[in-house]
There are 2 protein chains.
Amino acid sequence: MPKRADLSDTFCPVGRSAELLGDRAVLLILRDLFFGRRRFEAIAANTGLGPQLVSARLKLLEKEGVVERHAYQAKPLRHEYRLTDKGKDLFDVLYAMRGWAERWAYRDGETGGGPAMRYLHRACGTDVGTATICPGCGALLGYGDLKGEPSPALKAEQAARAG
Amino acid sequence: MPKRADLSDTFCPVGRSAELLGDRAVLLILRDLFFGRRRFEAIAANTGLGPQLVSARLKLLEKEGVVERHAYQAKPLRHEYRLTDKGKDLFDVLYAMRGWAERWAYRDGETGGGPAMRYLHRACGTDVGTATICPGCGALLGYGDLKGEPSPALKAEQAARAG
DNA sequence: GATAGTAACTATGATAATCATAGTGACAAG
DNA sequence: CTTGTCACTATGATTATCATAGTTACTATC
């Protein structure tokens, strides 16, 4: 790519988000962070992205205040990456993307019947499907309210990438 | 870029969405389509993307079943692009992106006080802010329920690009 | 105490996507 | 019959991405 046009000073809010989120690598890294993968190598392995790209994007996300680098051991200095509040607030975007894909992006029977990823409302145990409001108790759903459970097929895929 | 890794057969729903949505041009074009811009030239002018990119992405979106090409005149054959149901269902994603940006992506006072883009609930007239449930009447908000109104600054920017 | 990991990166070169700019085809209007 | 509009396609320079290999700083094993 050439020097891509800069959208960081548009007044359009979607344009501003697109500057950061309109990038496959950023989206995949955020997904992994929301999933609890905080280590560089774990993210690189699961996303399938090269270390150079992961490095560049984590630096960008850090600069944007979406993730924080955190040392988790000192002897050989090692860092992990954590979502900030600004980062956690991106959950709605990723959750909407997941909902759309569950509804439209799978051929019949491909997942073996259910969704590729099931979400349960922690408070009441209801399977929320792709809803943003719990069908069981009516509560508005956000990051932390939900417990994700990958389908067997997805779990197998992740295990294969980690090995 | 090299031949980018293919995510269309991951079982991860975010990965599948990212295959399409992890692209600045796609996001900007979708934004314009949701905004009612259906003509090639209007989209190219407003997004600032070159005609080649717009052409390529519209073809991709059509292939994915997100937009439909529709002839609006026959003499000189002219087409416009419309969102399909699958495309309209992406509203939640774009709306979540907009909400995040309104909350985090503007420096103080940059928009002149309010949000860069105001959304009113058609049914009750309430300004919904960045909520997904109407603060006035409690209804769940989707595409078609909302009326967007760009701020003066955003309106001026769009007019400048169209000129 | 030399070899083999482990984790988090950086370096290198080939490939391909993006941008800017210009051009095309079909018609309408002046 | 020249100019204008709309929806594109063509071309060449630039640069991001991928694949692969290498680096640094330790720890654990033989």
Side-chain angles (χ1 to χ4, degrees), chain A residues 1-8 10 15 18-29 32-33 37-63 67-82 161-163, chain B residues 1-8 10 15 18-29 32-33 37-63 67-82 161-163:
Chain A
M1 301 166 184
K3 164 188 41 184
R4 61 191 199 180
D6 187 24
L7 296 176
S8 57
T10 325
E19 181 72 26
L20 183 66
L21 301 177
D23 181 286
R24 280 158 40 89
V26 164
L27 255 16
L28 295 177
I29 290 170
D32 278 23
L33 288 169
R37 250 165 279 193
R38 300 207 256 250
R39 305 275 177 87
F40 187 97
E41 288 291 314
I43 292 170
N46 189 253
T47 57
L49 302 168
Q52 193 164 149
L53 234 200
V54 175
S55 175
R57 289 304 182 275
L58 284 171
K59 278 194 178 78
L60 172 65
L61 289 168
E62 196 187 354
K63 201 192 83 188
V67 305
E68 265 173 2
R69 238 164 87 104
H70 197 87
Y72 67 89
Q73 77 176 28
K75 310 305 174 68
L77 187 55
R78 293 276 187 276
H79 296 281
E80 63 177 22
Y81 296 86
R82 295 185 190 169
R161 279 195 295 250
Chain B
M1 298 168 188
K3 165 187 42 181
R4 61 189 199 182
D6 186 24
L7 295 175
S8 58
T10 326
E19 181 73 27
L20 183 66
L21 301 177
D23 182 286
R24 281 158 39 90
V26 165
L27 256 16
L28 294 177
I29 289 171
D32 277 22
L33 289 169
R37 255 169 293 239
R38 300 208 257 249
R39 304 277 176 85
F40 187 98
E41 287 291 314
I43 292 170
N46 188 254
T47 57
L49 301 168
Q52 195 166 148
L53 234 199
V54 175
S55 176
R57 289 304 183 275
L58 284 172
K59 278 195 178 77
L60 172 66
L61 290 167
E62 196 187 356
K63 202 193 80 188
V67 305
E68 264 173 3
R69 237 164 88 102
H70 198 87
Y72 67 90
Q73 76 176 27
K75 311 304 175 68
L77 187 55
R78 293 273 188 279
H79 297 282
E80 64 178 20
Y81 296 87
R82 295 184 189 170
R161 279 194 295 251

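The chains referred to below are lettered A, B, ... by the order of the sequence lines, with proteins before strands, and numbering in each begins at 1. The shown structure was predicted, so the numbers you read here are calculated from the model rather than taken from an experiment. The figures that follow rest on heavy atoms only: side chains count, while hydrogens, waters and symmetry mates do not.
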S.K.: Hey, is the side chain of A:Gln52 pairing donor to acceptor with the base of D:dT20 inside 3.5 Å?
M.R.: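 Not at all, since no donor on one side and acceptor on the other fall under 3.5 Å apart.
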S.K.: Between A:Leu49 (CG) and D:dA19 (P), how many Å, whole number?
M.R.: 9 Å
S.K.: With sequence neighbours excluded, what pairs up with A:Glu62 under the side chain to side chain contact (heavy atoms under 4.5 Å, CB included) test?
M.R.: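 Partners of A:Glu62 by the side chain to side chain contact (heavy atoms under 4.5 Å, CB included) criterion, ordered by chain and then number, come out as A:Val67, A:Arg69.
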S.K.: Which nucleotide in the list D:dC8, D:dC18, C:dT10 gets nearest to the side chain of A:Pro51?
M.R.: C:dT10
S.K.: Side-chain donor-acceptor pairs under 3.5 Å in residues 41-49 of chain B, sequence neighbours left out?
M.R.:
from	atom 1	to	atom 2	distance (Å)
B:Asn46	OD1	B:Arg31	NH2	3.4
B:Thr47	OG1	B:Ile43	O	2.7
B:Thr47	OG1	B:Ala44	O	3.4
B:Thr47	OG1	B:Leu49	N	3.2

S.K.: Between B:Glu80 and B:Arg78, does at least one N-O distance fall below 4.0 Å, as a salt bridge requires?
M.R.: no
S.K.: Could you state the CD-P distance from A:Gln73 to D:dA28, rounded to the nearest angstrom?
M.R.: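 Atom-to-atom, A:Gln73 to D:dA28, this comes out as 10 Å.
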S.K.: Of the non-hydrogen atoms in B:Leu28 and A:Gly15, which two are nearest, and what is the gap between them?
M.R.: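 Shortest heavy-atom contact: CD2-CA, 4.1 Å.
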S.K.: Quickly work out the B:Leu58 CG to D:dC6 P distance and round it to whole Å.
M.R.: 16 Å
S.K.: For A:Leu53 and C:dA17, give me the distance from atom CG to atom P, rounded to whole Å.
M.R.: 15 Å
S.K.: Quick one: is A:Ser55 getting a side-chain N or O under 4.0 Å of the C:dT10 phosphate, OP1 or OP2?
M.R.: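 Indeed, a polar side-chain atom of A:Ser55 lies that close.
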S.K.: Using the C1' atoms of the five pairs at each end, what is the angle between the end axes of the helix from C:dG1-D:dC30 to C:dG30-D:dC1, to 10°?
M.R.: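 It comes to 10° between the two terminal axes.
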S.K.: Among C:dT18, D:dC18, D:dT9, which is the nearest nucleotide to the side chain of B:Asp23?
M.R.: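 Among C:dT18, D:dC18, D:dT9, the one nearest the side chain of B:Asp23 is C:dT18.
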S.K.: Considering only side-chain heavy atoms of A:Tyr72, which listed nucleotide, C:dA8, C:dT10, C:dC19, is closest?
M.R.: C:dA8
S.K.: For residues A:Ala71 and A:Leu77, report the shortest heavy-atom separation together with the two atoms involved.
M.R.: CB-CD1, 4.2 Å
S.K.: Given atom CZ of A:Phe40 and atom P of C:dT10, what is their separation to the nearest angstrom?
M.R.: 7 Å
S.K.: What is the distance, rounded to the nearest whole Å, between atom CZ of B:Arg24 and atom P of D:dT17?
M.R.: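 So the CZ-P distance, B:Arg24 to D:dT17, works out to 11 Å.
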S.K.: Would B:Leu58 and B:His79 count as a side chain to side chain contact (heavy atoms under 4.5 Å, CB included) if you check the C-alpha gap in whole Å, the side-chain angles of each, and the deciding distance to 0.1 Å?
M.R.: CA-CA 12 Å; B:Leu58 284 172; B:His79 297 282; over 6 Å; no
S.K.: Atom CG of B:Leu60 to atom P of C:dT18: distance rounded to whole Å?
M.R.: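 Distance check: B:Leu60 CG to C:dT18 P gives 10 Å.
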S.K.: Figure out the OH/P separation between B:Tyr81 and D:dA7, and round it to whole Å.
M.R.: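 Going from B:Tyr81 (OH) to D:dA7 (P), I get 8 Å.
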S.K.: Any chance you could lay out the side chain to side chain contact (heavy atoms under 4.5 Å, CB included) test for B:Arg57 and B:Leu60, step after step, and finish with the verdict?
M.R.: CA-CA 5 Å; B:Arg57 289 304 183 275; B:Leu60 172 66; 4.2 Å; yes
S.K.: According to side chain to side chain contact (heavy atoms under 4.5 Å, CB included), who are the partners of B:Pro51, at least two apart in sequence or on a separate chain?
M.R.: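 Expected list: B:Phe40.
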S.K.: Just to verify, what does A:Ala74 make a side chain to side chain contact (heavy atoms under 4.5 Å, CB included) with, not counting sequence neighbours?
M.R.: none
S.K.: Generate the contact string for nucleotides 24-30 of chain C. Rules: B means base contact, S means sugar-phosphate contact only, - means no protein heavy atom under 4.0 Å.
M.R.: --BSS--
